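All residue numbers in this chain count up from 1 along the given sequence. Remember, it's 1-based here, ligands and their atoms both numbered in the order they're listed. Values in this document were obtained by computation on a predicted structure and should not be read as measured data.
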Amino acid sequence: MKVLVYGSGQLAQMMCLAAVPLGIQVRAVDVTTRNVVDPISKEVLDTSLDDAINESDALTVEFEHVPEDLLEQASSSGKLYPGIDAILAGADRVREKQVLEELAVKNSDHLIITDVSQLHEAIDSLGEKLILKASRDGYDGYGQWRLKSKNELASLCQELACLDLSKVPLIAEKMVPFDRELSLLGARNSQGEFVFYPLAENLHHQGQLHVSVAPAPQVTGSLIVQAQSAFKLLADKFEYVGVMAVEFFQVGDELLVNEIAPRVHNSGHWSMQGADTSQFENHMRAITGLPLGNANAKYKSAMINIIGCDDYSTDLLSINRCHLHLYGKSVRPKRKMGHINLTGESYAEIAELMTTLAKYLPMAYFPKLLDEADKLSELN
Ligand code: AMP
């Protein structure tokens, strides 16, 4: 079996690493140069994109912002999983909101802004605390602006003046006073069967994921039902094949969808050590027609992103049940360089491991680690 992944970053790398034991050969497309590359070494391979498409049994994406002409070409091969509608809904927040509204899946109150003058209307209907998101090409907090009060509106309008909102609208969202952020990852195969990972709790800083804990502590049956129902509605609508992630805000006992990611997701990286079958393996299984693997958690897990730094000690590997996954990138501010997975029998054990781990890390880059360890230490 051969798989071609659009995008050649860490997610393609981890899909490739999971595919090898299944006898699946993975190649990647660098979507900027349009070269076919090795997903681990990034070496350019002596194959044209057309040939790579023809030779592949399945095509997939590691991120949703693939140029549309490439996606169209991939889709016309009839081998793109998930399909183009799911990928485009993940790439365009206007489409994403339309799908959520059409399926009556609860999400944050919002307005689509095609002209800055509509921001007054947004404040009138949604309140003065708003988060504005570019509908396309925004990720990890990029392409987002926060309005904390009406007084900031004039300066925000100036900042937005350079954007052509008629071409790329903004979504103005009510700032949700959420209790926490959760995500659900699952896989759907072409027969419409599902496996679900346990909900993960996600801690963000400046719009970027820093820490995930799975299974999320203190999850009620009602939260699982709400999350899985929303997931199923969306995945069935797209006739989705592969792993998908849905990010939620928990407000009291209610879940609101924040975002859909039509791909493997950072908040599922814990599954590499913490689940029976990792998200990467399940994605490969789903898109090549292999049976889906059990997605149960074997342990309590914490996943800690290494962001914008490389001056940590690899002696952290001396910690029991600590695993390092590096992406082979040069360091840049806010760049995801790798992640660390910890597993334990209890949250208290995870908390201890996190506290030990902190000794090996430059703490300025890990602002969520010790607070989360404190919280987990009080759980069983
Ligand atoms: P996003 O790119 O939409 O996932 O946003 C990045 C992060 O910004 C989220 O994980 C939240 O921490 C925060 N955020 C996004 N939308 C909202 C919202 N409507 N209310 C409060 N916080 C938000």
Per-residue contact class, [X] against ligand 1 - non-hydrogen pairs under 4.0 Å:
{"X": "Ile131", "value": "side chain"}
{"X": "Asn258", "value": "side chain"}
{"X": "Glu173", "value": "side chain"}
{"X": "Lys174", "value": "backbone"}
{"X": "Glu96", "value": "neither"}

Note: [X]-[Y] ion pair, threshold 4.0 Å (strictly below):
{"X": "Lys300", "Y": "Glu345", "result": "no"}
{"X": "Glu64", "Y": "Arg263", "result": "yes"}
{"X": "Asp92", "Y": "Arg136", "result": "yes"}

Which ligand 1 atoms, with their elements, are less than 4.0 angstrom from a heavy-atom of [X]?
{"X": "Val176", "answer": "18 (C), 19 (N), 20 (N), 21 (C)"}
{"X": "Arg93", "answer": "2 (O), 3 (O)"}
{"X": "Lys133", "answer": "3 (O), 15 (C), 16 (N)"}
{"X": "Met175", "answer": "20 (N), 21 (C), 22 (N)"}

query = Aromatic ring centroids of Tyr81 and His283 under 6.0 Å?
reply = no
Distance in Å, Asn296 CG paired with Asp276 CG, rounded so as to fall on 0.5 Å steps = 6.0 Å
task = Kindly indicate, with the supporting measurements, whether the criterion side chain to side chain donor-acceptor pair (under 3.5 Å) is fulfilled by Glu259 and His265.
result = CA-CA 12 Å; Glu259 244 186 353; His265 191 255; 5.6 Å; no
ask   = Phe63 vs His65 aromatic rings, parallel, tilted or perpendicular, using cut-offs 30° and 60°?
value = perpendicular
Whether Tyr327 and His339 hold their rings parallel, tilted or perpendicular, with breakpoints at 30° and 60° = tilted
task = Pick, from His205, Arg180, Lys129, Gln144, the option with the minimum heavy-atom distance to atom 1 (P) of ligand 1.
result = Gln144
key: From Arg146, His204, Glu181 - option closest to atom 12 (O) of ligand 1 by heavy atom   = Glu181
inquiry  = Between ligand 1 and His110, can you find any atom pair, the residue atom being a heavy atom, that is separated by under 4.0 Å?
reply    = no
